[in-house]
2 protein chains.
Amino acid sequence: MIKVKGADAGVGAMNRRKILQAAEKCFAQFGLKGTAVQLIADEAGLPKTNVLYYFKTKQELYVAVLEETLSLWNSHFDKATVNDDPAMVLAAYIAEKMEVSRTHPLASKIFAMEIINGAQNLSGYFDEEHALWMQGRLAVIDAWIAAGKLPPIEGEYLLYTIWASTQHYADFSAQITRLRGKKMTKADFENATKQVIKLVLGGCGLAVPEAFKE
Amino acid sequence: MIKVKGADAGVGAMNRRKILQAAEKCFAQFGLKGTAVQLIADEAGLPKTNVLYYFKTKQELYVAVLEETLSLWNSHFDKATVNDDPAMVLAAYIAEKMEVSRTHPLASKIFAMEIINGAQNLSGYFDEEHALWMQGRLAVIDAWIAAGKLPPIEGEYLLYTIWASTQHYADFSAQITRLRGKKMTKADFENATKQVIKLVLGGCGLAVPEAFKE
DNA sequence: GCAGGTTTTAAGCAATTTCTAAGAAAGTCT
DNA sequence: AGACTTTCTTAGAAATTGCTTAAAACCTGC
């Protein structure tokens, strides 16, 4: 049997995953420059040189982590069309993004830091993939408005608001936890999700679908 | 005449300010660990040892920068009471925060990174000052609701949404700029402010005051 | 069991970086 | 002018860190 590089079984693949997971944790807490390869190695329970065997440079490992996070952002919203109901689509999109914040807070933090620091490692993503996605989604929103399914609104700022208010629960969890005195539970997240949906849909002049009501 | 330390005139004070400004820029882009003192010195146009003369350690300089940013977050909302009009107060609060995002994006970024990284240097701030502030503001919101001036809503999540959607324009400016293809102008910010106000107040079931309408 | 590779490890180089030591220069007050 | 403080500079110690080298250990198919 021929050994396939990058397969998800075998020693190599398992170590790769262990390293990526450890790196995610470290990068989220200390940033790219602030994270020593040794730290990632300790976190992964491997010698430093072994980490560098799988990822030649720290930068390469960082980009690998970053790319993994980008894949998290696929959503049902990607495929929505004029024929869909904006209230349902937007509510579901918000719920999806809240769920990512709850289940993958580290990935969200790394992405946030990368952007705050100027997004040098995401130029390709922004200029191609993401910009096109945005164009398509804005077109759908405008089509909804033209069809009278959605009161007039600027889609651009609507999307920014959705991103901001959902990612906030991952990125700023330290602040939220400190203010509440305790971590947000899954139930808290469900409640927060309903509140965000209510705020955003209400702001758009849309009624909240039954499935997302409190 | 006795020389007063920390006065805002004289060589020392001027250099302190130059250093703080340079440090703000560097920390926002590279983070605490990612910023070398030498870099700050270059940015400030001073020798490295001179920077360390004014701030004994990099950490001390970082905390000084951080504390400066905290002072930016005073707001008229701090003093609002039940007797005020929630729509006016909240709209003004959003507008204020948007203005901070426009005029002090670097400070916002540093604060954001600090929280993403676990807010180790803000424990005092959160546990005392900020938690009390939050308690007071939530009480006002609840009082508005009790007085029938504001439809029932969870103040906590409302505040999170306001923070998130306003700070987003500072913290994620790199993403926004890339998606738009150009930087947001002052006029763009005014427009964005109106949109955020419309979304949030609409979500609360409040009418947008004339002064903040588009 | 051995020849091919893959994976693991120890040792360490070269560059960077924080911070100190110590004194020179400049300014300030009496 | 002379004493004193503040500011600036030079030189370098001590620690950290990314990455390399090179060899050992481990597979795996035959």
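Order of the sequence lines fixes the chain letters, A, B, ..., with proteins taken first and strands second; residue numbering starts at 1 for each chain.
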Separation of [N] [atom2] from [X] [atom1] (nearest whole Å):
X     : N      : atom1 : atom2 : result
B:N15 : C:dG27 : CG    : P     : 13 Å
B:Q38 : D:dT9  : CD    : C1'   : 13 Å
A:N50 : C:dT8  : CG    : C1'   : 6 Å
A:L52 : C:dT9  : CG    : P     : 13 Å
A:F55 : D:dG18 : CZ    : P     : 16 Å
B:Y62 : C:dT18 : OH    : P     : 15 Å
A:F30 : D:dT17 : CZ    : P     : 11 Å
B:K58 : C:dC19 : NZ    : P     : 7 Å

Which of these nucleotides, [options], is closest to any side-chain atom of [X]?
X     : options                : result
A:Y54 : C:dT8, C:dT20, D:dC19  : C:dT8
A:P47 : C:dT9, D:dT9, D:dG18   : C:dT9
B:Y53 : D:dT7, C:dT9, D:dT10   : D:dT7
B:T57 : D:dC19, D:dG18, C:dC19 : C:dC19

Regarding A:E99 and A:H104, is there a side-chain donor-to-acceptor distance under 3.5 Å anywhere? no
Could you check whether B:R102 makes a cation-pi contact with B:Y169, meaning its NZ or CZ is under 6.0 Å from the centre of the six-membered ring and within 45° of the ring axis? no
When you measure from the centre of the six-membered ring of B:F55, is the NZ or CZ of B:R16 under 6.0 Å away and within 45° of the axis? yes
For atom CE of B:M88, decide whether the heavy atoms of other residues, nucleotides or ligands shown that lie under 6.0 angstrom number more than 12. no
